[in-house]
> 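Here's a structure for you.
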2 protein chains.
Amino acid sequence: MQDRVAQRRALLLVAALEAFGTRGFHAVTVREICAGAGLTERYFYESFKSLEALFSALYLQLNGQLKQATLAALIAANANSSASDSSSRIDVLAGAALRVLLEFIRDDPRRARVMLIDAISISHDVQQISGQITREYMELTRRFIDQLFPDAASRGVDLDLIASGLLGSNIHIATHWVREGLKTPFDVVLCNCLAIYQALGAYWPKLAASTMPDKPTPAA
Amino acid sequence: MQDRVAQRRALLLVAALEAFGTRGFHAVTVREICAGAGLTERYFYESFKSLEALFSALYLQLNGQLKQATLAALIAANANSSASDSSSRIDVLAGAALRVLLEFIRDDPRRARVMLIDAISISHDVQQISGQITREYMELTRRFIDQLFPDAASRGVDLDLIASGLLGSNIHIATHWVREGLKTPFDVVLCNCLAIYQALGAYWPKLAASTMPDKPTPAA
DNA sequence: CGTGTTTGACAATGCACGTTGTCAATCTAA
DNA sequence: TTAGATTGACAACGTGCATTGTCAAACACG
């Protein structure tokens with residue numbers, strides 16, 4: 001009965017989120033997962049080839065949820081602000097995406113451990129997946145910037161790097177937030193994440209205008 | 001002879017950088033470390049209680065080097081630019097610190113794996129250390145901002161969060177850089193890292209002036 | 001020289017885990 | 001009811017590793 005198999009698989013994923021999300025990937029064993037899911041080892045191998053495979057499945061599941069929510073929010077936000085200036089479109093679009101991300105983490109901080117911390121340090125296979133997903137988010141950010149400031153591809157400015165930096169700032173702020181027990185109010189976190197986008201948005205025209213002046217290069 | 005012990009310890013640290021920095025902490029065994037160092041297991045336990053202890057020692061060593069170089073560069077840069085406006089002091093100070101960081105990574109990318117990737121996902125003990133060090137860098141960044149823009153502690157702006165974000169952008173850009181084989185030119189990476197600081201610096205006065213307006217809050 | 005310490009190679013132990021297998025209990029369907 | 005599939009508890013095997021121990025060679029120094 002394939003229904004039953006899928007249900008067990010789902011149970012395993014729930015147990016995986018609990019185990020990986022609280023103790024971290026490398027502190028978890030197959031037996032623990034099975035105990036958490038109320039199943040025996042046999043049913044683990046029924047659905048997953050290894051712990052890594054389970055982790056990958058969980059990671060992909062979480063990312064699917066987040067991506068779907070993000071895209072939905074972006075579409076909704078875009079509809080509401082089609083005729084605004086660049087500055088307030090940043091507020092609306094980046095704000096909507098950031099809100100979804102932070103809610104996703106706040107609603108279940110175990111996700112942060114899985115998606116933001118462990119995913120990048122496990123085996124090569126998982127790093128491959130995480131790298132791919134990171135690139136997707138970078139691409140989203142890059143297009144976002146590119147659309148708002150078509151003149152941004154000026155000399156010396158690398159949109160991929162800026163996008164990577166923005167992504168990194170979100171990731172780091174979110175993990176730091178979780179690590180401190182979410183004690184900083186949600187809106188404060190959101191505002192300050194957004195402030196970095198806003199600052200870059202405000203600064204961008206200047207960047208595009210100037211030729212990115214050489215900095216003093218004291219003794220390489 | 002205590003000289004000999006210290007020398008073996010140093011050999012182990014060299015081997016640790018190679019092993020941890022290329023294959024990652026969890027893919028490394030005591031035996032591999034010993035083989036890499038040309039020593040036998042006994043001398044491992046002579047200097048370290050466990051692989052984790054070795055990793056911690058390596059991590060602290062690398063951070064000591066980086067911190068020392070960073071502070072030296074900041075002092076030197078500060079001396080050269082004591083009488084400039086805020087904007088160019090950002091260029092000089094943040095540029096100097098960023099240059100040191102990126103050189104540190106470029107000169108030996110294995111350090112990135114140890115310091116930026118693995119350190120945050122290993123056992124609780126190591127995470128404690130890494131959290132402490134992260135806080136140090138955040139504190140440095142925070143003071144840096146605070147000094148340049150004393151009016152920055154305005155309503156809704158959390159300097160810790162901004163500092164965390166800046167740190168995260170540097171970390172993410174650096175790891176991304178390494179992951180792509182350092183193919184992006186050094187100066188481009190530096191400029192774009194710096195651009196985020198510059199953007200925030202330019203944006204800060206506006207932030208402090210306005211009351212951090214409420215963003216539209218579409219369906220929390 | 002020769003004694004005691006340091007070194008190097010490696011065997012031995014023990015543990016934790018992944019993985020597969022056994023077997024009886026339970027459920028399903030005719 | 002009964003044959004066959006499904007389930008659950010758990011034993012069994014093999015592996016890989018950390019950690020400790022053995023022993024002989026090399027060395028340091030009186």
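Numbered from 1 within each chain, the chains take letters A, B, ... in sequence-line order.
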> Could you tell me how far apart B:Phe44 (CZ) and D:dA18 (P) are, to the nearest whole angstrom?
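Going from B:Phe44 (CZ) to D:dA18 (P), I get 8 Å.
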> Let me know the distance between CZ of B:Arg4 and P of D:dA28, rounded to the nearest Å.
9 Å
> With heavy atoms under 4.0 Å as the rule, sort B:Thr29 into base, sugar-phosphate or nothing.
sugar-phosphate
> Can you measure B:Arg42 atom CZ to D:dC23 atom P for me and round it to whole angstrom units?
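About 13 Å, once rounded to whole Å.
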> Tell me which pairs pass salt bridge (charged side-chain N to carboxylate O under 4.0 Å, His left out) where either residue lies in residues 165-182 of chain A, with sequence neighbours left out.
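Passing the test, one end in residues 165-182 of chain A: A:Glu180-A:Lys183.
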> In residues 160-173 of chain A, what donor-acceptor pairs under 3.5 Å come from side-chain atoms, sequence neighbours left out?
unit_1: A:Ser164; atom_1: OG; unit_2: B:His172; atom_2: ND1; d: 3.1
unit_1: A:Ser169; atom_1: OG; unit_2: A:Leu166; atom_2: O; d: 2.7
unit_1: A:Asn170; atom_1: ND2; unit_2: A:Leu166; atom_2: O; d: 3.4
unit_1: A:Asn170; atom_1: ND2; unit_2: A:Tyr197; atom_2: OH; d: 2.8
unit_1: A:His172; atom_1: ND1; unit_2: B:Ser164; atom_2: O; d: 3.0
unit_1: A:His172; atom_1: ND1; unit_2: B:Ser164; atom_2: OG; d: 3.1

> Could you state the atom-to-atom distance from CZ of A:Arg8 to C1' of D:dT6 in whole Å?
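Rounding to the nearest Å, CZ of A:Arg8 and C1' of D:dT6 are 8 Å apart.
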> Along DNA chain C, 5' to 3', what are the outermost nucleotides having an atom less than 4.0 Å from a heavy atom of chain B?
C:dT7 to C:dC10
> Give the rounded distance in Å between these two atoms: CG of A:Leu39 and P of D:dT7.
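Spelled out: CG on A:Leu39 to P on D:dT7 is 10 Å.
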> Expressed as a whole number of angstroms, how long is the span from A:Glu46:CD to D:dT7:C1'?
11 Å
> Is a side-chain N or O of A:Asn192 found less than 3.5 angstrom from the main chain of B:Asp158, in a donor-acceptor match?
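Such a contact is found between A:Asn192 side chain and B:Asp158 backbone.
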> Give every residue pair that meets the ring-ring contact (aromatic ring centres under 6.0 Å, His included) criterion with at least one member in residues 89-145 of chain A, sequence neighbours excluded.
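Sorted pair list comes back empty.
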> When the distance from NZ of B:Lys49 to P of D:dT20 is rounded to whole Å, what number comes out?
11 Å
> Pairs in or reaching into residues 56-68 of chain A: which pass salt bridge (charged side-chain N to carboxylate O under 4.0 Å, His left out), with residues at least two apart or in two chains?
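Found A:Lys67-A:Glu136.
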> Specify the residue among B:Glu41 and B:Val5 whose closest nucleotide of DNA chain C lies further upstream toward the 5′ end.
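Upstream on the strand: B:Val5.
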> Counting only pairs under 3.5 Å, give me each side-chain donor-acceptor contact of residues 3-19 of chain B, with atom names and distances, residues two or more places apart or in other chains.
unit_1: B:Arg4; atom_1: NH1; unit_2: B:Gln7; atom_2: OE1; d: 2.7
unit_1: B:Arg8; atom_1: NE; unit_2: B:Glu46; atom_2: OE1; d: 2.9
unit_1: B:Arg8; atom_1: NH2; unit_2: B:Glu46; atom_2: OE1; d: 3.4
unit_1: B:Arg8; atom_1: NH2; unit_2: B:Glu46; atom_2: OE2; d: 2.8
unit_1: B:Glu18; atom_1: OE1; unit_2: B:Arg110; atom_2: NH1; d: 2.5

> Nearest-Å distance, CG (B:Leu54) to P (D:dA18)?
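Nearest whole value for this atom pair: 12 Å.
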